[in-house]
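The structure appears right after this line, and notes come after that.
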2 protein chains.
Amino acid sequence: MDADKINEVRQFNRFYTRTLQLTNKYHLGTGLTVLESRLLLEIYENKLRTANELVALLDIDKGYLSRVLKSLQKRGYIEQTIDDADKRSKLLALTTLGHNTLNTINKRADQQVDQLFSDLSDQEIEQVISAMDFIQKKVNLS
Amino acid sequence: MDADKINEVRQFNRFYTRTLQLTNKYHLGTGLTVLESRLLLEIYENKLRTANELVALLDIDKGYLSRVLKSLQKRGYIEQTIDDADKRSKLLALTTLGHNTLNTINKRADQQVDQLFSDLSDQEIEQVISAMDFIQKKVNLS
DNA sequence: CCTAATTAGTTGACAAAAGCAACTTTTTTA
DNA sequence: TAAAAAAGTTGCTTTTGTCAACTAATTAGG
């Protein structure tokens, strides 16, 4: 990559990360923090089944995670049931409330995306999408 | 946009936000938190001159910001001088250390981007960049 | 088998980050 | 020129996150 191109990508990367929220206030109008909604997402969409898997993926303290999960359970977003195959483990699953909340979060994130794309032509959208595809494939490989 | 396309973009958006760090550990190997490095960036690259402007942009508590800025000053990253035109305000500026640190952060972020793109063909890179360009223009307008 | 090491998760104690409200000083408004 | 507003600070509290010691269940090695 030549210097000009590097610079464009750098600008984009800074731009993208700058649009994200910095502090941990409630996320997209739901009663969840950024971490909590990420946990719901990983449990449901990425099929992570135990606290241990979440710790490995997200690189957070297991003691802290234990408490966050307990709080999510108390507030009715998830269920934790002891795994009969390994009684040290607890299997994680979303409740109906958890599902609904995750759906709300996704819907709102999608609205943001819609707005982002609302003025592009079909051809431009096509190009953006295939570009995103490249990046995503590359990162998933490494 | 039809449903399939929306879905692809949604996936990308979730993917991108998921690659970002969730907790506030030291950022890219420097002695700064994510918020602190963002502050340096906004002061220098976006030319924000007062705490008040930072509060408006980032939507953070002004009391908390006041303390973070004091800490950045104490550690030698910024200077705060009283604005003679309005003695309630303090003008913010990076010190040499602040500049150097911001450069380091940018350099490391760029290395990550380099790696991200290292396996793409020239044509692919071209496409990704123009895609990013579209998005960025769109968002800057809205 | 059966003890030692490992693993999944919990808990206590603490530190750092963030939020809220009351306050001071300066500037603006009416 | 007094009252209201604005910029920033400070005290107090809550939330978030870290670290290390702990329990209970499982696995590995002799």
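Side-chain atoms are counted along with the backbone in the values below, which use heavy atoms only and exclude waters and symmetry mates. In the text below, chain A, chain B and the rest are named by the order of the sequence lines, each starting its count at 1.
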* Asked: Are the side chains of L39(B) and I78(B) in touch, meaning some heavy atoms are under 4.5 Å apart?
  ->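 A side-chain contact is absent here, since even the closest heavy-atom pair is not under 4.5 Å.
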* **Lys/Arg-Asp/Glu bridge criterion (N-O < 4.0 Å) met for E36(B), R75(B)** =>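 Judged by the 4.0 Å cut-off on N to carboxylate O distance, E36(B) and R75(B) do form a salt bridge.
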Nearest-angstrom distance from the residue atom [atom1] of [X] to [atom2] of [N]:
{"X": "I60(B)", "N": "dC20(C)", "atom1": "CD1", "atom2": "C1'", "answer": "15 Å"}
{"X": "E53(A)", "N": "dT7(C)", "atom1": "CD", "atom2": "P", "answer": "15 Å"}
{"X": "L35(A)", "N": "dA17(C)", "atom1": "CG", "atom2": "C1'", "answer": "14 Å"}
{"X": "L69(B)", "N": "dA17(C)", "atom1": "CG", "atom2": "P", "answer": "14 Å"}
{"X": "K87(A)", "N": "dG9(C)", "atom1": "NZ", "atom2": "P", "answer": "16 Å"}
{"X": "L54(B)", "N": "dA18(C)", "atom1": "CG", "atom2": "P", "answer": "15 Å"}
{"X": "D61(B)", "N": "dT14(D)", "atom1": "CG", "atom2": "P", "answer": "16 Å"}
{"X": "R49(B)", "N": "dA7(D)", "atom1": "CZ", "atom2": "P", "answer": "15 Å"}

Taking only side-chain nitrogens and oxygens of [X], does any of them come within less than 4.0 Å of OP1 or OP2 of [N]?
{"X": "K90(B)", "N": "dT9(D)", "answer": "yes"}
{"X": "K70(B)", "N": "dT10(D)", "answer": "yes"}
{"X": "K62(B)", "N": "dC20(C)", "answer": "no"}

* Asked: Taking the six-membered ring of Y64(A), is NZ or CZ of K62(A) closer than 6.0 Å to its centre and within 45° of its axis?
  ->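 Geometry flag: not set, cation outside 6.0 Å or 45°.
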* Just checking, is any N or O donor in the side chain of S71(A) or R67(A) under 3.5 Å from an acceptor N or O on the other one? ->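 Looking only at side-chain atoms, R67(A) and S71(A) do not form any donor-acceptor pair under 3.5 Å.
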* Could you verify whether a donor N or O on one side chain and an acceptor N or O on the other, from N46(B) and E53(B), lie under 3.5 Å apart? =>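 E53(B) and N46(B) do not have a side-chain donor-acceptor pair below 3.5 Å.
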[X] side chain, from C-beta outward: closest of [options]:
{"X": "R67(B)", "options": "dT18(D), dT10(D), dT9(D)", "answer": "dT10(D)"}
{"X": "S89(A)", "options": "dT27(C), dG19(C), dG9(C)", "answer": "dG9(C)"}
{"X": "A51(A)", "options": "dG8(D), dT9(D), dG9(C)", "answer": "dG9(C)"}
{"X": "N52(B)", "options": "dT11(C), dC20(C), dA7(D)", "answer": "dA7(D)"}
{"X": "R88(B)", "options": "dA25(D), dT26(C), dG9(C)", "answer": "dT26(C)"}
{"X": "Y64(B)", "options": "dA17(C), dT16(D), dG8(D)", "answer": "dA17(C)"}

* For L65(A) and for D83(A), locate the closest nucleotide of DNA chain D by heavy-atom distance; then report the residue assigned to the nucleotide nearer the 5' terminus. =>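 Final value for this comparison: L65(A).
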* Between D84(A) and V68(A), just flag the one whose closest nucleotide in DNA chain D comes earlier from the 5' side. =>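 Result: V68(A).
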* NA contact type, D86(B), heavy-atom cut-off 4.0 Å: base, sugar-phosphate, or nothing? ->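 If one applies the 4.0 Å heavy-atom cut-off, D86(B) turns out to touch the sugar-phosphate alone, with no base involved.
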